[in-house]
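Just so you know, ligand 1 is whichever comes first in the structure, and atom 1 is the first atom listed for that ligand.
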Amino acid sequence: MAELYKRIFLSPPHMGGEEIKYIQEAFESNYIAPLGPQVDAFEREFTAMVKIPYAVALSSGTAAMHLALRSLGVGHGDEVIASSLTFIGSVTPVIFQGATPVFIDSDRVSWNMDSALLAEEIESCKKRGKLPKAVVPTDIYGQCADLDQILNVCSVYNIPVVSDSAEALGASYKGRNAGVGARAAVYSFNGNKIITTSGGGLLASDDEKLITYARFLSQQARDAAPHYEHSQIGYNYRMSNIVAAIGRGQLKVIDDRVKTRRRIFTYYQKALGNVPGIEFMPEASYGCSNRWLTVILITPEVFGADREEVRIELEKKNVESRPVWKPMHMQPVFKGCRVRGGAVSEDLFCRGLCLPSGTAMTTDDIDRVINVIMECRRK
Ligand SMILES: *Cc1c(COP(=O)(O)O)cnc(C)c1O
């Protein structure tokens, strides 16, 4: 019977309409290449919107984090502090640089890096005589971390903060856009993010030198010379001109996408918010989440079914949902890495389910998801 229903995806791409116009421009000018006027325009339009003065458009958010860490001098033997509750793309660049990640648990207010635990960890690093080289908090599911608290803690020892705002474009923190105020900020335009270029990322900063260096590294670290001269090792991380054309169209609709994601969240919350055993991801009072994904917590003893039972039931009805990110300190690949706290993100992983939140969803689609969840309740 499931085939009768079209599949509802977690967060599929949603084009605004103008993307094709910019792609056409790129074709007509024959800039079917990395670099070109669409990339320049995309960077310009992005920085104007987010209000961070310098930016380099890249092939992915992971590449953006990698260039940020490399530009900040993270290297072999260093430690970098990260959120445990995040996507692995936030952390693999630490390993690329030969450094070691240290994980911090979430707080209950925002599900982001707990700044009190961060302060404890940094004090303990200080006692040990080895301060972290950088701190990279994630803005999880489109909600900003408490950046000012994190900056306060880090400014004591001049530790740079790189905001992983890959999921949070369009969100705000104390009236600033996600990522503003950090030493550098990372964004992603992967296929399931709030806006997408099919795949892509961007690194932004107030520091022009940092962005100039990251741009240099992203294009194979080519020195100024008519031939190809290299005195450093770089990467092929630049965004292509065609991909940037899609991004320009998507930037036009970001406000609408945030409104729609928030509307979807509210719709779910109205229907399920009073159901015993279901809670919704909280919104911290300091900001406005983009509600990239609507996330619920299911308490099985009260609700009558656990997270996995609900997820499997949804899957049977051709609805894609997904457990909350498995914390990094629980990942086999990071076995043995230090973690401060951990119980909160473990609980969020155990009970958390991300519901379909794509901005092209109809009310009927959302009702379908809600009905399946309601059917899972203990009779
Ligand atoms: C998507 C994502 C990334 C990585 O972005 P890519 O463009 O997929 O490389 C990094 N961090 C977080 C938190 C993400 O959600």
Closest approach of any protein heavy atom to [atom], naming residue and atom:
atom	answer
atom 15 (O) of ligand 1	E167 OE2, 2.6 Å
atom 2 (C) of ligand 1	K193 NZ, 2.7 Å
atom 8 (O) of ligand 1	N190 ND2, 3.3 Å
atom 11 (N) of ligand 1	D164 OD2, 2.7 Å

So, is [X] polar-close to ligand 1, with some N/O to N/O distance under 3.5 Å?
X	answer
F87	no
W325	no
T138	no
W292	no

Show which atoms of ligand 1 fall inside a sub-4.0 Å distance from at least one heavy-atom site of [X].
X	answer
T86	13 (C)
S60	7 (O), 9 (O)
A166	2 (C), 3 (C), 10 (C), 11 (N), 12 (C), 14 (C)
G200	7 (O)
S188	1 (C), 5 (O), 6 (P), 7 (O), 8 (O)

- Atom CD1 of I312 and atom CZ of R307: how far apart are they, to the nearest 0.5 Å?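 CZ of R307 is found 9.0 Å from CD1 of I312.
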- Item | Y235 and H66 aromatic centres sub-6.0 Å |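 Under 6.0 Å, so yes.
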- Within 45° cone of F103 ring axis and under 6.0 Å: R338 NZ or CZ: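 The answer is no, since R338 fails at least one limit relative to F103.
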- Query: Does the cation-pi check pass for R261 over F265, that is, NZ or CZ under 6.0 Å from the six-membered ring centre and within 45° of its axis?
  - Reply: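 Judged by the rule (NZ or CZ under 6.0 Å from the ring centre, within 45° of its axis), R261 is not positioned above F265.
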Ion pair check, [X] and [Y], cut-off under 4.0 Å:
X	Y	answer
E167	K193	no
R238	E43	yes
E123	K126	no
K6	D365	yes

- Answer with side chain, backbone, both or neither: which part of T62 has a heavy atom less than 4.0 angstrom from an atom of ligand 1?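 Both backbone and side chain.
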- Proximity to ligand 1 by part of M65, non-hydrogen separation under 4.0 Å: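 Contact part for M65 vs ligand 1: neither.
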- Member of D367, T294, T363 meeting the side-chain hydrogen bond (donor to acceptor under 3.5 Å, both in side chains) criterion with Y267: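 In the set D367, T294, T363, the residue that makes a side-chain hydrogen bond (donor to acceptor under 3.5 Å, both in side chains) with Y267 is D367.
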- Message: Hydrophobic clustering (ILVMFWY, side-chain heavy atoms < 4.5 Å, transitive) - are I104 and V161 grouped together?
- Response: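 Linked within one cluster.
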